Protein chains: 2
Amino acid sequence: MNDVARLAGVSIKTVSRVVNDEPSVHPDTADRVLAAIERLGFRRNLGARNLRRGSGTGTLGLIVEDVGNPFYSELHRAVERIAIRHGRRVLTGSSEEIPDRERELALEFCARRVDGLLVVPAGTRHGYLLPEMRAGTPVVFVDRPPGDIAADTVLVDNAGGTAAAVAHLVAHGHRRIAFVADSPEIFTAAERLRGFREGCATAGVPCAERLVVMRTPTRESVAEAAHRVLTCPDPATAVVAGNNRVTVHLVRALAGAGRRPALVGFDDFELADLLDPPVSVVAHDVSALGEAAAELLLARVRGDQSPPRKVVLPVRIEARGSGEVAA
Amino acid sequence: MNDVARLAGVSIKTVSRVVNDEPSVHPDTADRVLAAIERLGFRRNLGARNLRRGSGTGTLGLIVEDVGNPFYSELHRAVERIAIRHGRRVLTGSSEEIPDRERELALEFCARRVDGLLVVPAGTRHGYLLPEMRAGTPVVFVDRPPGDIAADTVLVDNAGGTAAAVAHLVAHGHRRIAFVADSPEIFTAAERLRGFREGCATAGVPCAERLVVMRTPTRESVAEAAHRVLTCPDPATAVVAGNNRVTVHLVRALAGAGRRPALVGFDDFELADLLDPPVSVVAHDVSALGEAAAELLLARVRGDQSPPRKVVLPVRIEARGSGEVAA
DNA sequence: TCGTCGGGAGACAACGTTGTCATGATGTCG
DNA sequence: CGACATCATGACAACGTTGTCTCCCGACGA
């Protein structure tokens, strides 16, 4: 900026005036400055600007489990869309479901002075965020609630979804229904299990513990779980999958099998309708989730001080055939 | 930091020493300072730090078409992985395939003083980046080359891929092969068309212009294209799809049809193997693409001044059945 | 003619850090 | 016992901006 000022024969402050197009700069002067800027390839340093102005950095932080997972990338996209609309960029990080990495990312984003933080929590303890929140960085939790603090949270109706899945299967005559999901330490998995049990209770069908398998879904672990619930005494005739990865692994595990159980997945996924049979799912609007969270966060950024809010978005059964297999 | 210093009864510089754990601070003093930091919830301002140190901001910029597209989110993930390994974060933006948005994002990222920029270009003119590059921000182009400047570029073997797809189909007896792809203004689409033609020439099969349809793939446009190439005189018996979206739309369009053409897609996608028939594709390693680009960029950040490099990653045919349908 | 007003521009400080240098206290060695 | 290295700390400037205040000058009304 100094160089620009020298080249244009003005003071540094006048250059500042020009780049911020403040009024009360003589057009001729402005032209000289613009020419100098052009010639030197000057670009103002936003970091310094933000420091001086004390305003925010125009950045939102987003922490998810894995930016490469389609579920989270759709979330990311929705957040980005809202952020852009408010003139902000998104800084993203993958926690890899490791609480320490979540914490590290969150604190670093705060050190970078993001205007606000969106977190899909990996851990269950979030006291470390309290100082930051008190210091004025609003935080909104997405898809899962914080562990031990009160804060804005946007969720989907997990329990309602699995309960509906069970009802759907029972309506097609199933009475021995399995539930295969992620580890119960994960909030969504635990909630979906709760809904599964409630659904069973409501429908008056038994909920056999041996038909419930919960652990981190890998291709192998899900295949093993499928084998177990389908070959035990009184085997399952239908399966509820706890999330999109479980569903995909299950579809793969069942692909070779002869007689297949009915299946309802949680989370919609591309091509579900083109599989054979098409996979019924508990669908929810991931974009709406991201948008709601981002809007809530931005309201906080703008100064909304009302008590922490909890938003629960609805889910719906997307019946495509795999759930309609008769018992 | 002032407050911390006051509370700990030391100078602000000593606080700085503690947070950077420089040696030569008396342990007792350090403890007092740490206590004060804890009590006040102090977090150092990385913006100010970066400004003062003149070092980079520890950030890489990544511009893609759409962070929500699985192809780009996998790329994002790979870039993030490498960035983290070098202690850096990733600032991402979606250009939405609009040259002006690409430019706007790139320049803003430069103004934020990213250490380097990864760009999947939307436009074909990149002169606007020259000043930034001269000013020391390295730029690496990913998946598509820059329009009118010389710069590092990491691509996949687009032409080789479609040529191989044609060879694969010819080997199964096909002689009337269609090519459905994105608009030829998109570099990858144009290259794949070139490879398609070369493949036809090499195999000695005709390349009828009416079997080539190129435009922005939507569900409708692809369905229409499929209908056209399959119902014209001398209709196609096989189709090469130009990218993952075209492939998915094609699968959907063909799902209801009776006798289906053979199909080879470009870009692998989840569940391709579980469709009926499983979809053969020209596969390439998106993670490798992102990693190679990020590594190259980081080498530049570290000061590598060698001439611009062009890296072309290999592709391979993933034969799953849909390409083996006999003519 | 004088006082006033407003446009155009610059000097200076400050944002929150850290690099450089200086200081005083303490210990060490010949 | 003096010269000197070492340790612990602080004062100060600087990074690249922008907010505030001030100054100058020409125009305008009384």
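Because the structure is predicted, anything quoted here is derived from the model rather than measured. Numbered from 1 within each chain, the chains take letters A, B, ... in sequence-line order.
Side-chain proximity of B:T29 to D:dT18, D:dA8, D:dG10: nearest is D:dA8. Minimum atom distance to the side chain of A:H26 is reached by C:dA9, of the listed C:dA11, C:dA9, C:dG16. Minimum atom distance to the side chain of A:V10 is reached by C:dG10, of the listed D:dG10, D:dT17, C:dG10.
Atom CD1 of B:I37 and atom C1' of C:dG16 are 14 Å apart (whole Å). Remark: P of C:dG8 and CG of A:D31 are 13 Å apart, rounded to the nearest angstrom. We find that CD1 of A:I12 is positioned 9 Å from P of D:dG16, with the value rounded to whole Å. In this entry the distance linking CG of B:D3 with P of C:dC15 reads 11 Å, nearest Å. Across the protein-nucleic acid pair, A:R32 atom CZ and C:dA9 atom C1' stand 11 Å apart, rounded to whole Å. A:M1 places its CE atom 14 Å from the C1' atom of D:dC15, with the value rounded to the nearest Å.
The nearest heavy atom of DNA chain C to B:L51 and to B:E22 marks one nucleotide each, and the one closer to the 5' end goes with B:L51. Where A:K13 and B:A48 meet DNA chain D, the nucleotide closest to each residue was compared, and B:A48 sits on the side nearer the 5' end. With DNA chain D read from its 5' end, the first of the two nearest nucleotides for B:V25 and A:R44 is the one closest to B:V25.
Put simply, the side chain of A:F42 does not reach to within 4.5 Å of the side chain of A:D3, judged on heavy atoms. For the pair B:E96 and B:D66, the minimum side-chain heavy-atom distance is 4.5 Å or more.
Between the side chain of A:R52 and the base of D:dT17 there is no donor-acceptor pair of N/O atoms closer than 3.5 Å.
Between C:dT18 and B:R49, a contact under 4.0 Å exists linking OP1 or OP2 to a side-chain N or O. Using a 4.0 Å cut-off, some side-chain N or O of A:T14 falls inside it from OP1 or OP2 of C:dG10. Using a 4.0 Å cut-off, no side-chain N or O of A:R17 falls inside it from OP1 or OP2 of D:dT18. A close approach under 4.0 Å does occur between a side-chain nitrogen or oxygen of B:R53 and OP1 or OP2 of C:dG19. At the phosphate of C:dT18, OP1 or OP2 sits under 4.0 Å from a side-chain N or O atom of B:S16. A close approach under 4.0 Å does not occur between any side-chain nitrogen or oxygen of A:N45 and OP1 or OP2 of D:dC15. Distances shorter than 4.0 Å separate none of the side-chain N or O atoms of B:N50 from OP1 or OP2 on C:dT17.
Side chains of B:S94 and A:E80: a donor on one and an acceptor on the other come within 3.5 Å. B:R43 and A:T137 form no side-chain donor-acceptor contact under 3.5 Å, judged by distance and modelled atom types alone.
If you check every strand for non-hydrogen atoms under 4.0 Å, B:N2 touches nothing.
A salt bridge links A:D148 to A:R125: one of the charged nitrogens lies within less than 4.0 Å of a carboxylate oxygen. Between B:D304 and B:R309 there is a salt bridge, with a side-chain nitrogen of the basic residue lying less than 4.0 Å from a carboxylate oxygen of the acidic one.
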